[in-house]
K.L.:
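The structure that follows is given in the form of structure tokens.
The chains referred to below are lettered A, B, ... by the order of the sequence lines, with proteins before strands, and numbering in each begins at 1. For the numbers below, each heavy atom of this structure counts, side chains included, while hydrogens, waters and symmetry mates do not. Computed from a predicted model, the values in this text were never measured in an experiment.
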Protein chains: 2
Amino acid sequence: MVVIDIIIFTFEDDVLKVLLVKRKAPPFIGKWAIPGGFVRKQESLMRAAERELREETGVRAGYLEQLYTFGDPKRDPRGRVVTAAYFALIPRGKMKVRGASDAADARFFPVRKLPSLAFDHKKIFLYARTRLQNKIQYTNIAWSLLPRAFTLGEIQDLYETIWGRRLDKRNFRKKLFSLGLLKALPKMRRGLRQRPARLYAFKKKTYVELKRFFS
Amino acid sequence: MVVIDIIIFTFEDDVLKVLLVKRKAPPFIGKWAIPGGFVRKQESLMRAAERELREETGVRAGYLEQLYTFGDPKRDPRGRVVTAAYFALIPRGKMKVRGASDAADARFFPVRKLPSLAFDHKKIFLYARTRLQNKIQYTNIAWSLLPRAFTLGEIQDLYETIWGRRLDKRNFRKKLFSLGLLKALPKMRRGLRQRPARLYAFKKKTYVELKRFFS
DNA sequence: TCAAAAGTGTTGTGTGTACACCCATGT
DNA sequence: ACATGGGTGTACACACAACACTTTTGA
């Protein structure tokens with residue numbers, strides 16, 4: 001039997017979060033799990049992942065890619081269930097999380113404060129987090145985690161959070177501008193008790209692969 | 001239904017080659033295809049790939065990783081067959097290719113001279129080739145394609161073949177030595193009508209991930 | 001003696017990295 | 001006034017890229 005699971009990341013309150021659903025059907029009833037479901041006949045794996053993402057969050061895309069396929073014969077107590085895991089990136093605020101049919105509840109958890117997970121979902125989550133950490137080094141996918149307009153401080157926070165280390169502000173901005181993918185907006189973020197920050201947006205929301213992004 | 005397919009690469013006669021089997025069962029009888037087979041009960045996907053690799057080539061490992069899972073509902077005329085594709089790298093000369101149970105014949109084809117392939121195997125092959133091209137940029141997996149002892153000319157030929165462009169001999173060697181992974185052997189490759197070349201081997205056959213390997 | 005690949009250093013350029021101070025706002 | 005992040009430029013180190021000639025062998 002083939003199912004899909006989606007690890008859905010978002011970036012909110014300066015932390016990386018992942019969507020979990022509480023299982024209301026056996027096995028692992030009451031445990032938190034990565035959202036997923038069956039693949040319908042006449043539906044490709046990617047379509048199934050897109051559908052599941054829409055059902056769970058109400059959003060269309062952001063970024064979605066196949067992560068890895070887990071097929072250990074003992075990963076599901078009911079018998080062999082092969083899962084094609086996908087991972088998705090969603091900008092904050094866009095989605096309206098709702099529990100899907102087989103979930104009593106659904107919410108985002110900071111990746112540093114995850115509850116214990118059903119099945120081998122801990123392993124799947126760790127695989128996804130590693131992929132995200134690696135991939136932001138040579139692509140711009142992390143930008144799918146940002147809202148339309150953002151400050152340079154926000155994007156730097158995002159990178160620092162995912163990498164888990166501090167970056168030099170001047171070097172970060174220099175590199176960012178040198179890529180030529182940002183446009184400055186004629187607006188500032190005001191209302192905080194500090195100097196207003198310039199807002200930026202992406203020229204196009206295209207996926208770019210780079211030799212080396214930030215190291 | 002879940003099956004696995006393995007794209008097995010080797011490097012021989014200065015070209016990159018891939019193993020294909022001729023189908024002797026329907027569908028696509030008589031057509032060349034990427035070797036693969038069913039996953040047994042109580043066998044993980046990776047174990048199934050290892051078994052299949054052994055059955056097809058007689059060798060144990062070299063390098064083996066999961067590539068991508070293809071699940072288009074129309075990819076197999078018999079109905080939905082999801083295939084977890086793996087890709088493997090094998091040093092030349094080690095393997096004794098033999099046709100497996102569902103293949104009338106099996107042999108290596110240069111990647112530039114492939115016949116037409118069954119199913120969506122062309123797409124799978126292209127995906128594998130791209131992965132190989134990308135991955136040799138930041139890992140040392142290509143070294144699984146080389147025999148125990150090799151000359152610097154051979155390893156450079158390998159990189160030039162996979163990338164499809166020429167590299168500067170001095171810069172290539174400088175970078176290679178700077179990694180500190182090679183040891184010079186007290187032997188030379190003789191018998192060719194040219195100056196003998198020093199033979200080298202890897203200090204250990206470990207997988208190394210680098211920030212940037214060759215650009 | 002000739003063809004063929006082996007072997008070997010230096011220099012310029014670009015990119016990454018380290019580093020410190022003033023600015024504009026809200027409270 | 002002060003706390004908070006916003007915003008800005010220079011100097012050094014290092015890695016990559018370009019480049020040409022001599023050596024050793026087999027035929």
K.L.:
Roughly, in whole Å, what's the span from OH in B:Y200 to C1' in C:dA6?
P.N.:
10 Å

K.L.:
Residues two or more places apart in sequence or in another chain: which of them pass side chain to side chain donor-acceptor pair (under 3.5 Å) with B:R75?
P.N.:
B:D120

K.L.:
Can you tell me the distance, in whole Å, between the CG atom of B:L176 and the P atom of C:dA6?
P.N.:
14 Å

K.L.:
Mind checking what makes side chain to side chain donor-acceptor pair (under 3.5 Å) contact with B:K31, not counting sequence neighbours?
P.N.:
B:S116

K.L.:
Could you state the CG-C1' distance from B:L167 to D:dC19, rounded to the nearest angstrom?
P.N.:
15 Å

K.L.:
C:dA6 P sits how many Å from B:F172 CZ, rounded?
P.N.:
12 Å

K.L.:
Quickly work out the B:R173 CZ to D:dC19 P distance and round it to whole Å.
P.N.:
19 Å

K.L.:
Can you list everything that forms a side chain to side chain donor-acceptor pair (under 3.5 Å) with A:T83? Sequence neighbours excluded, please.
P.N.:
A:D5

K.L.:
Between A:I155 (CD1) and D:dG7 (P), how many Å, whole number?
P.N.:
13 Å

K.L.:
Write down the distance between CZ (A:R165) and C1' (C:dA18), rounded to a whole number of angstrom.
P.N.:
14 Å

K.L.:
Below 4.5 Å, heavy atoms only, C-beta onward: do B:V2 and B:V81 meet side chain to side chain?
P.N.:
no

K.L.:
Check whether any side-chain N or O of B:R198 sits under 4.0 Å from OP1 or OP2 of C:dA6, and answer yes or no.
P.N.:
no

K.L.:
The criterion is side chain to side chain contact (heavy atoms under 4.5 Å, CB included); which residues satisfy it with A:R170, sequence neighbours excluded?
P.N.:
A:D168

K.L.:
Return the value, rounded to whole Å, for the distance between atom CZ of B:F177 and atom C1' of C:dT8.
P.N.:
10 Å

K.L.:
Under the salt bridge (Lys or Arg N to Asp or Glu O under 4.0 Å) rule, collect the residues that match up with A:R129, sequence neighbours excluded.
P.N.:
none

K.L.:
So if I define the base as every atom that isn't primed, P, OP1 or OP2, how would nucleotides 19-26 of chain C read as a B/S/- string at a heavy-atom cutoff under 4.0 Å?
P.N.:
BB--BBBS

